[in-house]
Amino acid sequence: PGLPARQKLHLGIGAGNFGFSLNTGPLTYNNLFVQGEDGYKYINVDQLVYAFKQPKEQTGRLDFRMEVLNFGLAIGNTSAGVSLQLRSDAAVRMPGEAFAYLLEGNAEYVGMPVTSEMSANGCAFLETGLTLQHTFMKRFTIGVRPKYMVGLACVQTREGELRLYTDNDWNLHVGGVADISMLFPDENTYISRNGNASYSSIMHAARHGHGFGLDAGADVMLTDHIGLSFAMLDLGDI
């Protein structure tokens, strides 16, 4: 929200983007890539296995945003804009033992089951934001975006277990068990394992699953070509 507006007028419709991140254990470029005697860089497999073997250190996150409408207008040093987005955010925490099983191979695990904890969660919501921004002395810009949010659904595992087993014929069996809860903005907020659920419309969600949030940011141009930006995003609650 603090990034200076480059146009006097902008309009965006139907644009979407994905973001994906993977966080793991103690892994850096310097200990992952080593230089061989021939002068080329190689992957240090032992260090890669060690990083992924750390229990409960692997977290994958997927962020999706579909912009329904984005409109903005700048007058002088001040600009304002309105945006409507459909957003969803999901995260999966994978056990380090499972990654070690896949990276090291399953030879030493024949006839021995491997079990590991795992968890997942995800939420979907509509977000309407009003961006207000002002630039001082053509170098310093501040901006805020108060947001109104409508929670649509939330899914999470309260308990989860991944099970891997290699039998004596080298057949790999993958299974697991999870206790999953699904939350909707309705009087019946818990959907049990047997699938009993009630339908909630977006209007009902707006009455019972609403929330508020705030984005804030600043941008400082140090020279004509170099600048710094700061942002605080998604501070709020549904």
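- Partners of Asp224 according to the side-chain contact (heavy atoms from CB on, under 4.5 Å) rule, which considers only residues two or more places apart in sequence or in another chain, are Arg139.
- Here the shortest heavy-atom pairing between Asp219 and Gly2 reads CB-O, 3.2 Å.
- To the nearest 0.5 Å, atom CZ of residue Arg145 and atom OG of residue Ser83 are 5.5 Å apart.
- Residues Phe212 and Leu130 are members of separate hydrophobic clusters, defined by side-chain heavy-atom contacts under 4.5 angstrom among Ile, Leu, Val, Met, Phe, Trp and Tyr.
- Atoms OG1 and CG, from Thr128 and Leu84 in turn, are 4.5 Å apart once rounded to the nearest 0.5 Å.
- Ser88 pairs by the side chain to side chain donor-acceptor pair (under 3.5 Å) definition with nothing, not counting sequence neighbours.
- Proximity of Phe136 to Ile142: side-chain heavy atoms (C-beta onward) are separated by under 4.5 Å at one or more points.
- Closest non-hydrogen pair, Asn171 versus Asp167, comes out as N-OD1, 2.8 Å.
- The minimum heavy-atom distance linking Ala218 with Phe140 is given by the pair CB-CE1, 4.2 Å.
- No donor-acceptor pair under 3.5 Å is formed between the side chain of Thr78 and the backbone N or O of His134.
- Here Met232 sits in one hydrophobic cluster together with Leu235; the rule is ILVMFWY side chains under 4.5 Å apart, joined directly or through other members.
- Taking hydrophobic clusters as Ile, Leu, Val, Met, Phe, Trp and Tyr residues chained together by side-chain heavy-atom distances below 4.5 Å, Leu11 shares a cluster with Leu73.
- Side-chain contact between His173 and Leu164 is absent, with no heavy atoms from C-beta onward closer than 4.5 Å.
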- Query: Passes side-chain contact (heavy atoms from CB on, under 4.5 Å), Met149 versus Leu126? Steps please.
  - Reply: CA-CA 6 Å; Met149 298 174 290; Leu126 286 171; over 6 Å; no
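- Counting heavy atoms from C-beta on, the side chains of Phe71 and Leu9 come closer than 4.5 Å.
- Salt-bridge check for Asp63 with Arg65: passed, with a basic side-chain N closer than 4.0 Å to an acidic carboxylate O.
- Looking at Asp38, its side chain does come within 3.5 Å of a backbone N or O of Tyr40 through a donor-acceptor pair.
- Remark: Ser79 pairs with Ala5, Ala74, Gln133 by the side-chain contact (heavy atoms from CB on, under 4.5 Å) rule, at least two apart or across chains.
- With values rounded to the nearest 0.5 angstrom, Leu152 atom CG is found 10.0 Å from Cys123 atom SG.
- Around CD1 of Ile226, the count of heavy atoms belonging to other residues, nucleotides or ligands within 6.0 Å does not exceed 12.
- Judged purely by atom type and a 3.5 angstrom limit, Asp215 uses its side chain to pair as donor or acceptor with the backbone of Asp234.
- Contact check for Thr141 versus Leu3: no side-chain heavy atoms found under the 4.5 Å cut-off.
- Counting heavy atoms from C-beta outward, Phe230 and Leu228 have side chains that approach closer than 4.5 Å.
- Residue-environment remark: CG (Asp237) stays at or below the threshold of 12 foreign heavy atoms within 6.0 Å.
- Atom SG in Cys154 sits 10.5 Å away from atom CZ in Phe125 (nearest 0.5 Å).
- One finds the CG atom of Asn77 at 11.0 Å from the CE atom of Met137 (value rounded to the nearest 0.5 Å).
- Lys41 NZ: more than 12 foreign heavy atoms inside a 6.0 Å radius.
- Chaining together hydrophobic side chains whose heavy atoms lie under 4.5 Å apart leaves Leu233 on its own.
- In this structure the side chain of Thr135 never reaches within 4.5 angstrom of the side chain of Met221, judged on heavy atoms.
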- Test Val110 against Asn168 for side-chain contact (heavy atoms from CB on, under 4.5 Å), laying out the working first. CA-CA 6 Å; Val110 174; Asn168 293 325; 3.6 Å; yes
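- In this structure Asn121 satisfies the side-chain contact (heavy atoms from CB on, under 4.5 Å) test together with Ala91, Gln156, sequence neighbours excluded.
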- Task: Using the side-chain contact (heavy atoms from CB on, under 4.5 Å) rule, take Val92 and Arg61 through it: C-alpha gap first, then chi angles, then the decisive distance, then the call.
- Result: CA-CA 6 Å; Val92 177; Arg61 180 171 293 276; over 6 Å; no
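- Once rounded to the nearest 0.5 Å, the distance linking CD of Gln85 with CG of Asn70 reads 7.5 Å.
- Side-chain contact between Thr157 and Asp179: absent, with no pair of heavy atoms (C-beta onward) separated by less than 4.5 Å.
- Using cut-offs of 30° and 60° for the angle between ring planes, the His210 and Tyr148 rings count as parallel.
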